[in-house]
Student: 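This is the structure I want to talk about, given as structure tokens.
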Amino acid sequence: MPVVKLLIMSITEDFSTIVLAAGKGTRMKSPLPKVLHPVAGWPMISRSIHALNEAGTNNIRVVVGHGELLVRQVIEPLGASAFLQVEQLGTGHAVQCAEPHSLQGTVLIMNGDHPLIEAEDIKFLIKEFVNSQKKLAVVTAKVKKPGNFGRIVRHHNQLKAIVEAKDASHDTLKINEINTGMYLIEAEFLNQLLPQLKNNNSQKEFYLTDIISLAVEAGEQVGTLLTSAYVAFGVNSQLELATATKYVYRRKVKKLMESGVVILDPKNTYIEDDVIIGSGTIIYPGNFIRSGTKIGEMCIIEPHCFMYKTQIANSVHIKSHCYFEEVKISSKASIGPFARLRTGTKIGKDAKVGNFVEMKMVDFKNGAKASHLTYLGDAVIGEQTNIGCGTITCNYAVDKKKYVTKIGKDVFVGSDTQFVAPIEIGDGAIIASGSTITKNVPAGALAVARSRQIIKENYQHRSHTTKEEIEETEKSSDSKAEIEG
Ligand code: UD1
Ligand code: MG
């Protein structure tokens, strides 16, 4: 690319941003600050910040107020700085709190409650603004239901003012071109207009929207940049939050389908933005796939699974109703139905985890199997080992510490076995079903740790068995076991 063109690009993309996020969001009727309400898994405000960072903004100043500390926790790790607006006296006052005197060049002002905006939209608007050579432009949209949005009032097609719905006449309310709450303005001009704002309106607030009429009065031509309805979509109520959330999920599944993922029912599939899924993988309805998850190619994910920060390799079969948090599953494994795999669990290649199996911090090696009703916690299960139905690793001791169970490869664990950790089982060992294993078992050994069966012939026809008789039988059975053992 020629040097001159590169230089122009870097100049056009040079801009600072002020995001307004101090409002309470009264219409949300929720104790959570509005901008922290999640849209498809991410706090609303973090979506704007991600988009701004991707679009290449110089710096992001977020005006905070309600829930200041909570909002700071979300925005500061993303590289934005917080500016406190102690009293919410209106959007114009909010911008003043962001100390615009220390800014230079183009400033983008936007609301923190427009979560559908993407980096591409911002880049486009910045370029258009720079090309227009105006000092101020408002980003507008044409919508079917203008509702509570500020109306764009024109005279001979020239923008004259923004009138808030609450202050608008019957005729003004009919205008369907609305203010998105996004403005592009030269810093110097912004600092000239802000001190002139007054609060003589129905809300007794300093409206940022009034900078338009002030600019017009100062003899400036104010530009308008038309954007799409989704950029204009602001969230002020729970219903609008749900609409935004639905939109983001639909946008994600559409992108995945375009890349070859089979999604049987896009309306009922919930996949967060950063999730990666390989082509040829089939996603059944009702799946909830959260941030940090990566699924390989040619997998089958049956209905109603929940996954968070989960890595799934190629050709894995996940049967319905599974719950995974921070786990890794290798290729060709089969999991579920109804399996719960918890943090730190690794499932090897070709391994099988069946119904009602829970695992936590388990290294379940290649080809191992736990087909039914089992709890494995803090354990290593060797290759090709078979864990019988009802097995439990007793990892949590009375000292409130966790202990490890290590089971070698090719071990056969009979059903209804308990391993009292810490414990080690050697390769190829056999554990008799119903055992409670408290001592290490060497490789190749058989371990039986259960009481012996007692048979009393013709018992049904005896009218009474005395307590003494039962004790006598148990005693003789125990001494027989000791001799045999
Ligand atoms: C605002 C605009 C309206 C526009 C709409 C787009 C004004 C007066 N009105 O209305 O023209 O159509 O956005 O969504 O600007 N905030 C503060 N401090 C305050 C007040 C608000 O930081 O003192 C923040 C809020 O947290 C919010 C944003 O500014 O993120 C917009 O405030 P909100 O009350 O939602 O304004 P709208 O009524 O939506
Ligand atoms: Mg709003």
Side-chain angles (χ1 to χ4, degrees), residues 17-28 30 32-37 39 43-49 61-68 70-71 74-75 80 82-98 100 109-117 138-143 145-153 159 161-168 172-173 175-183 185 193-194 197-214 224 227 229-241 243-244:
T17 309
I18 299 174
V19 183
L20 309 185
K24 189 174 179 191
T26 315
R27 288 165 278 177
M28 298 299 283
S30 151
L32 192 65
K34 174 164 75 176
V35 294
L36 295 188
H37 280 74
V39 170
M44 213 187 291
I45 185 110
S46 71
R47 292 193 164 271
S48 314
I49 295 174
R61 297 182 175 191
V62 180
V63 182
V64 297
H66 275 282
E68 179 207 342
L70 291 173
V71 178
V74 171
I75 61 151
F83 288 74
L84 184 61
Q85 185 191 26
V86 179
E87 234 186 317
Q88 280 67 58
L89 302 177
T91 46
H93 178 255
V95 174
Q96 278 170 320
C97 294
I109 301 171
M110 60 192 274
N111 292 348
D113 60 358
H114 283 238
L116 305 184
I117 192 157
V138 185
V139 181
T140 72
K142 291 197 171 148
V143 295
K145 292 181 185 166
N148 289 325
F149 283 109
R151 304 298 201 271
I152 298 295
V153 178
L159 175 59
I162 296 174
V163 178
E164 287 307 292
K166 284 173 194 137
D167 304 307
T172 305
L173 283 176
I175 298 171
N176 74 343
E177 188 181 7
I178 55 104
N179 170 25
T180 63
M182 281 179 93
Y183 315 83
I185 185 164
L193 299 176
L194 282 176
L197 290 177
K198 300 218 162 53
N199 66 348
N200 50 359
N201 50 55
S202 64
Q203 303 292 298
K204 296 279 169 279
E205 285 185 1
F206 295 92
Y207 288 166
L208 181 60
T209 44
D210 288 346
I211 59 170
I212 309 308
S213 43
L214 289 170
T224 52
T227 190
Y230 73 86
V231 171
F233 191 85
V235 172
N236 294 302
S237 66
Q238 297 295 343
L239 189 66
E240 285 164 353
L241 180 73
T243 307

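Both counts, for ligands and for their atoms, begin at 1 and track the order of listing. In this text, all values refer to a predicted model and were calculated from it rather than measured experimentally.
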Student: State whether the shortest distance between N or O atoms of Gly150 and N or O atoms of ligand 1 falls below 3.5 angstrom.
Tutor: yes
Student: What's the spacing between Thr17 OG1 and Met110 CE if we round to 0.5 Å?
Tutor: 7.5 Å
Student: Looking only at side chains, do His93 and Gln85 share a donor and an acceptor under 3.5 Å apart?
Tutor: yes
Student: Just go through Asn111, Leu208, Leu89 and tell me whose heavy atom is the nearest to atom 5 (C) of ligand 1.
Tutor: Asn111
Student: Atom 27 (C) of ligand 1: which protein heavy atom is closest, and how many Å away?
Tutor: Leu20 O, 3.7 Å
Student: Looking at CE of Met28 and CG of Leu239, how far apart are the two atoms once the value is rounded to the nearest 0.5 Å?
Tutor: 10.0 Å
Student: Are any of the N/O atoms in Ile162 less than 3.5 Å from those in ligand 1?
Tutor: no
Student: Would you say Arg151's side chain and Asn176's backbone share a donor-acceptor pair under 3.5 angstrom?
Tutor: no
Student: Would you find a donor on one side and an acceptor on the other, under 3.5 Å apart, between the side chain of Asn201 and the backbone of Gln203?
Tutor: yes
Student: Record the part of Thr180 in heavy-atom contact with ligand 1 below 4.0 Å; permitted values are side chain, backbone, both and neither.
Tutor: backbone
Student: Measuring from non-hydrogen atoms of Lys34 to any atom of ligand 1, is the shortest distance under 4.0 Å?
Tutor: yes
Student: Using a 4.0 Å heavy-atom cut-off, which part of Ala94 comes near ligand 1: side chain, backbone, both, or neither?
Tutor: side chain
Student: Out of all atoms in ligand 1, which are within 4.0 Å of some heavy atom of Gly23? Include the element for each.
Tutor: 16 (N), 17 (C), 22 (O), 25 (C), 26 (O)
Student: Do Ile152 and Ile162 make a side-chain contact, defined as non-hydrogen atoms from C-beta onward lying under 4.5 Å apart?
Tutor: yes
Student: Compare Val139, Thr140, Thr91, Val95 and give the one whose heavy atom is closest to atom 32 (O) of ligand 1.
Tutor: Thr91
Student: Using non-hydrogen atoms of the residue, decide whether Gly234 is closer than 4.0 angstrom to ligand 1.
Tutor: no
Student: Will you find, in the side chains of His114 and Ser48, an N or O donor that is under 3.5 Å from an N or O acceptor?
Tutor: no
Student: Please say whether Asn179 places an N or O atom under 3.5 Å from an N or O atom belonging to ligand 1.
Tutor: yes
Student: Does Gly90, backbone or side chain, put an N or O under 3.5 Å from an N or O of ligand 1?
Tutor: yes
Student: Does atom CG of Asn148 have more than 12 heavy-atom neighbours, drawn from other residues, nucleotides or ligands, at distances under 6.0 Å?
Tutor: no
Student: Where does Glu205 meet ligand 1, judged by heavy-atom distances below 4.0 Å: at the side chain, the backbone, both, or neither?
Tutor: neither
Student: Looking at CG of Leu32 and CG of Leu70, how far apart are the two atoms once the value is rounded to the nearest 0.5 Å?
Tutor: 7.5 Å
Student: Taking 4.0 Å as the limit for heavy-atom contacts, which would you say applies to Asn236 with ligand 1: side chain only, backbone only, both, or neither?
Tutor: side chain
Student: Checking the N or O distance criterion of under 3.5 Å, is ligand 1 in contact with Glu164?
Tutor: yes
Student: If we check side-chain contact (heavy atoms from CB on, under 4.5 Å) with Tyr183, which of these qualifies: Thr91, Thr209, Val139?
Tutor: Thr209
Student: So which heavy atom in the protein is nearest atom 38 (O) of ligand 1, and how far is it from that ligand atom?
Tutor: Arg27 NH2, 3.2 Å
Student: Without swapping roles, check the side chain of Glu240 against the backbone of Asn236 for a donor-acceptor pair under 3.5 Å.
Tutor: yes
Student: Could you establish whether His114 and ligand 1 come within less than 4.0 Å of each other, counting only heavy atoms on the residue side?
Tutor: yes
Student: Just by modelled atom types, is the Val235 backbone N or O under 3.5 Å from a matching donor or acceptor in the Lys34 side chain?
Tutor: yes
Student: Nearest 0.5 Å, what's the CD1-CD1 distance between Ile185 and Ile18?
Tutor: 9.5 Å
Student: Out of curiosity, is Ile178 lining ligand 1, as in a heavy atom under 4.0 Å away?
Tutor: no
Student: If you draw a sphere of radius 2.8 Å around the Mg ion (ligand 2), how many protein N/O/S atoms end up strictly inside it?
Tutor: 2
Student: Is the NZ atom of Lys145 crowded by more than 12 outside heavy atoms at less than 6.0 Å?
Tutor: no
Student: State whether a side-chain donor-acceptor pair under 3.5 Å links Tyr207 with Asn199.
Tutor: no
Student: Could you list the atoms of ligand 1 found under 4.0 angstrom from a heavy atom of Ala21?
Tutor: 22 (O), 26 (O)
Student: Does Asp113 have a non-hydrogen atom less than 4.0 Å from ligand 1?
Tutor: yes
Student: Between Ile175 and Val163, is a side chain to side chain contact (heavy atoms under 4.5 Å, CB included) present by the stated rule, with each step listed?
Tutor: CA-CA 10 Å; Ile175 298 171; Val163 178; over 6 Å; no
Student: State the atoms of ligand 1, each with its element, that fall below the 4.0 Å cut-off from a heavy-atom position in Gly112.
Tutor: 30 (O)
Student: Atom 22 (O) of ligand 1: which protein heavy atom is closest, and how many Å away?
Tutor: Ala22 N, 2.9 Å
Student: At a 4.0 Å cut-off, with the gap strictly under it, does some heavy atom of Gln85 reach an atom of ligand 1?
Tutor: yes
Student: Please check this pair: side chain of Asn179 against backbone of Gly150, looking for a donor-acceptor N/O pair closer than 3.5 Å.
Tutor: no
